[in-house]
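All remarks here apply to the structure that follows.
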Amino acid sequence: MKKKILVARAVFPEVLARLEQHFEVASNQQDEPLTAAQLADQLRDKEGAFTTGGERIDAQLLAAAPALKICANMAVGYNNFDLPAMTARGVLGTNTPDVLTETTADFGFALLMATARRVTESEHFLRAGKWQRWSYDMFAGSDVHGTTLGILGMGRIGQGIARRGAHGFGMAVIYHNRSRLPAATEAQCKARYVSKEELLRTADHLVLVLPYSPESHHAIGAAELALMKPTANLINIARGGIVDDAALAAALRARTIAAAGLDVYEGEPKLHPDLLTVPNVVLTPHIASSTVPTRRAMADLAADNLIGFLVNGKPLTPLNPEVLAKGR
Ligand code: 8YV
């Protein structure tokens, strides 16, 4: 008898077909996000769940899903998982590291450059039919090459952005992280470790790539923004909630920083209304990992985790391997 799983959001049909070879699959190909109550109801008799960052897995949901053994997230971030609660109930969590690193670093750089060079603001101007003549300071932005790139959160994606900045654009790279990187990694990235305060005060372009946790909630708020240079740009490809979006919108409006590039938002897909009216911000809808090959690789890895664990007993990228040690 095939085990039952839920695929909580729409996914590539090829990946769904592969899962159907191994499991009895309930899928949400119509892609209506499930409420917490609908998710709990759907998971009542399931052993596995294919989730995305939008599905919250917490103690309340787990209590309603007694058969659940694994939640395979199609994301590297897993702040939608209450991992201690999952571990307490013997439920394995898996994520999709590595397969999205370079693609996401590419996008971090794309957003940095679009922000510095005012790409979307100038396109809106053009589309609105406002371009009448050339002028010497038209959409004059910030340089990227030869400036100082600051990175907050120096994991795999942060290192990818550092390499691009240092080797491709001759940027001086500084970073702050919970722990300092080994000297060899710092050398590869040409990155220098600094305090958070020095990072904020010195960076011309500050890129946020740290995971969301209660400790990183509003890591960038009014006080931190006040330390940044008035010419600096802030890029957030990490998670909504790391930046206090109201404080950021105020800083952008007052031009105490030059501009921001945002891919993630507090309470997304809703945005703080002020972010929609300030001109000096580039806004994208959480697409940093979204290339066809990378999203496919993420979906494949999430599927491989389900098959690996529920069929063969061996998940590829477990987040709480202590569950495996318990022999469940
Ligand atoms: C996903 C992400 O698109 O991997 C992550 O952590 O933020 C994105 O790549 C998103 O989480 C949907 O699952």
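Along the sequence shown, residues are numbered consecutively beginning with 1. What you see is a predicted model; the values in this text were computed from it and never measured. Counting starts at 1 for both ligands and their atoms, following the listed order.
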(request) Give the minimum heavy-atom separation between Ala75 and Met298, together with the two atoms involved. (result) CA-CE, 4.0 Å
(message) With a 4.0 Å cut-off on N to O distance, would you call Lys69 and Glu47 a salt bridge?
(response) yes
(message) Tell me every residue that passes side-chain hydrogen bond (donor to acceptor under 3.5 Å, both in side chains) with Thr120, counting only those two or more places apart in sequence or in another chain.
(response) none
(request) Non-hydrogen atoms closer than 4.0 Å to ligand 1: which protein residues do they belong to? List them by chain and number, please. (result) Thr52, Gly53, Met74, Ala75, Val76, Gly77, Leu100, Arg239, His286, Ser289, Arg295, Met298
Side-chain donor-acceptor pairs of residues 106-119 under 3.5 Å, sequence neighbours excluded:
residue, atom, partner, partner atom, Å
Asp106, OD1, Arg164, NE, 2.9
Asp106, OD1, Arg164, NH2, 2.8
Thr115, OG1, Leu111, O, 2.6
Arg118, NE, Glu121, OE1, 3.0
Arg118, NH1, Ala140, O, 2.9
Arg118, NH2, Glu121, OE2, 3.1

What side-chain donor-acceptor pairs closer than 3.5 Å can you find for residues 268-276, not counting sequence neighbours?
residue, atom, partner, partner atom, Å
Glu268, OE1, Tyr265, N, 2.9
Glu268, OE2, His286, ND1, 2.5
His272, ND1, Asp274, N, 3.1

(request) Kindly give the heavy-atom pair with the smallest separation between Leu199 and Leu206, and that separation in Å. (result) CD2-CD1, 3.5 Å
